[in-house]
Amino acid sequence: MNLIIFGPPGAGKGTQSDFIVKKFNLFQISTGKILREEIKNKTVLGQKISLLMSSGSLVNDKIVNELIRNIVTNEKYANRFILDGYPRNLNQVNSLDLLLKSCNQKIDIVLKLSVSLETIKKRISERRTLEKRPDDNEEIAIKRYQTYEKTTEPVIEHYKKLNLLKVVDGERSIEQINKEISDLIDLI
Ligand code: AMP
């Protein structure tokens with residue numbers, strides 16, 4: 001089983017992915033997390049993307065597509081992953097479609113956590129005190145939300161047309177969301 005989870009930054013994608021990974025024995029592939037590690041470890045890639053990421057802009061498709069290719073083609077992850085933060089635009093969708101076809105895999109369900117900008121702002125300000133992420137401040141949060149809305153909408157439409165999309169109300173408690181997601185996955 002392969003999944004994708006969508007939601008604006010601060011929607012709880014990370015928390016929900018952690019839950020799904022444990023419950024269904026999958027691997028989480030979070031492009032944001034992988035890229036942040038690159039920056040933390042001061043790799044060549046990390047230095048290249050650090051300014052871009054701290055301003056809330058997206059990283060070059062080619063870089064992200066290549067990261068995903070390396071993971072999805074690894075036997076260990078095949079048919080056992082949940083994508084978080086990828087694909088973010090139609091170019092990435094096409095790249096993923098081709099990649100999955102080439103290794104006989106497919107996406108089984110696409111979850112969208114739906115959350116308002118007001119809730120995101122509140123959560124981001126709470127998270128900033130806890131995690132100290134450099135891209136977490138209100139102005140950047142709004143920019144990331146708008147970038148998300150603008151670039152991800154056509155991506156979500158793509159999966160809707162394929163009848164893979166399930167929209168989950170992300171305004172509720174973590175446990176309620178866990179339960180709904182779990183029930184949806186059990187139906188696959
Ligand atoms: P996230 O943790 O998913 O909100 O991602 C944090 C940041 O990482 C984003 O604002 C982008 O700069 C970068 N990033 C993560 N995933 C992608 C992606 N699929 N394409 C381009 N940039 C990405």
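Atoms within each ligand, like the ligands themselves, are counted from 1 in listed order.
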Might you work through the salt bridge (charged side-chain N to carboxylate O under 4.0 Å, His left out) test for K101 and D97, ending with a clear yes or no? CA-CA 6 Å; K101 255 187 215 128; D97 278 354; 5.8 Å; no
With atoms numbered from 1 as shown, which atoms in ligand 1 lie under 4.0 angstrom from a non-hydrogen atom of R36? 2 (O), 6 (C)
Are any of the N or O atoms of Y86 closer than 3.5 Å to those of ligand 1? no
Contact partition for S57 relative to ligand 1, non-hydrogen atoms under 4.0 Å: backbone
Compute the shortest N/O to N/O distance between K33 and ligand 1 and return yes if it is under 3.5 Å, no if not. no
For the residue pair Y159 and F6, categorise the inter-ring angle as parallel (less than 30°), tilted (30 to 60°) or perpendicular (more than 60°). tilted
Are more than 12 heavy atoms, taken from residues, nucleotides or ligands other than L51, located less than 6.0 Å from that residue's CG atom? no
At less than 4.0 angstrom from any non-hydrogen atom of Q92, what atoms of ligand 1 do you find? 18 (C), 19 (N), 20 (N), 21 (C)
Heavy atoms of other groups near R80 CZ, more than 12 under 6.0 Å: yes
Stepwise, does the salt bridge (charged side-chain N to carboxylate O under 4.0 Å, His left out) test hold for R123 with E126? CA-CA 5 Å; R123 289 186 188 170; E126 287 163 5; over 6 Å; no
Just which atoms of ligand 1 are under 4.0 Å from any heavy atom in K13? 3 (O)
Between E38 (side chain only) and T43 (backbone N and O only), is there a donor and an acceptor less than 3.5 Å apart? no
Going by the order shown, which atoms of ligand 1 are within less than 4.0 Å of some heavy atom of G85? 16 (N), 17 (C), 18 (C), 19 (N)
Ligand 1-proximal atoms of V59, by part, heavy-atom distance under 4.0 Å: both
